[in-house]
Amino acid sequence: MEPVASQASREALRSPERFDAEEIAAKLEPMDASGVISWGFEEFGEDLYFACSFQKTSSIILHLATEINPNARFFYLDTDVLFPETYATRDRLAERFGVEFERYDSIPLDEQARLYGDKLWKSDPDACCAIRKVEPMKRALSEVECWVSGIRRQDSQTRAGAPKFSWDARFGLWKLNPLADWTERDVWTHLNSHGIPYNPLHDQGYPSIGCTHCTVPVHPGQSARDGRWFGLGKVECGIN
Ligand code: SF4
């Protein structure tokens with residue numbers, strides 16, 4: 001068991017009192033993504049944990065983080081219903097950047113069906129996300145002080161006000177969004193100019209990629225996240 005003093009210091013480091021979030025966010029706002037990630041390493045060291053969805057912004061975060069710190073730590077949530085292209089992108093990125101992704105999964109799908117009914121993603125997608133994403137995410141973040149997300153303000157209205165640094169009350173730790181101010185053009189310029197592997201579904205009409213059951217391609221004129229939980233009135237999985 002962890003010593004009491006160590007537990008207490010961990011709690012202090014994960015406390016919302018540790019930083020003035022607004023002040024830090026204002027300081028980070030003019031910095032580029034590498035500057036924000038460097039600041040994160042200086043403050044949190046090994047306790048900075050990078051989330052990967054294996055979408056285009058994950059490819060960029062991997063590139064920037066490993067350039068700054070080859071020992072950067074990455075994790076992903078394996079819902080067991082990711083696209084084959086997503087798993088293949090994971091493997092290509094692991095090879096290109098020499099990283100090992102820490103995997104967090106959930107209960108087996110057949111157990112979920114037995115406990116909560118078949119096709120929970122249709123009957124109650126919030127419950128399905130809670131089981132297959134939020135609970136593994138809690139486990140992933142339970143031992144670190146700050147996590148890093150690839151969300152951008154341009155992704156959706158719900159993300160339009162995302163700061164580069166904030167207290168994440170849902171999971172009880174700090175959160176960095178180094179790409180918050182990146183445009184779609186910034187993303188593709190970076191990927192193409194550095195020849196970085198990315199999820200091929202982006203070239204097949206999927207601007208945003210989640211689980212196979214809940215992601216469809218979008219049509220011209222639709223917004224980037226319109227292909228997620230299409231027709232269900234749901235816009236986020238409960239993580240960001
Ligand atoms: S995105 Fe769909 S399949 Fe994936 S966890 Fe959420 S509801 Fe379930």
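Values reported hereafter were calculated over all heavy atoms of this structure, with side chains retained and with hydrogens, waters and symmetry mates removed. Order of listing sets the numbers, starting from 1, for every ligand and every atom in it. In what follows, residues are counted from 1 in the order of the sequence shown. Remember, it's a predicted structure, so these values are computed and weren't measured experimentally.
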Report the relative orientation of the aromatic rings in Phe50 and Phe41; use parallel for angles under 30°, tilted for 30 to 60°, perpendicular for over 60°. tilted
Please confirm if an N, O or S atom belonging to Cys214, backbone or side chain, lies less than 2.8 Å from atom 2 (Fe) of ligand 1. yes
For ligand 1, which atoms have a heavy atom of Pro125 less than 4.0 angstrom away? 7 (S)
Per-atom filter on ligand 1: closer than 4.0 angstrom to a heavy atom of Cys129 are 1 (S), 5 (S), 6 (Fe), 7 (S)
State, with a plain yes or no, whether a side-chain heavy atom of Trp39 is found less than 4.5 Å away from one of Lys27. yes
Short check: any N/O/S atom of Cys211 below 2.8 Å from atom 8 (Fe) of ligand 1? no
For Arg132, the ligand 1 atoms whose distance to one of its heavy atoms is below 4.0 Å: 5 (S)
Between Glu29 and Arg153 (salt bridge meaning N to carboxylate O under 4.0 Å), is one present in this structure? yes
Is the centre of the Phe19 ring less than 6.0 Å from the centre of the Phe165 ring? yes
Tell me yes or no: between the side chains of Tyr87 and Asp78, is some donor less than 3.5 Å from an acceptor? yes
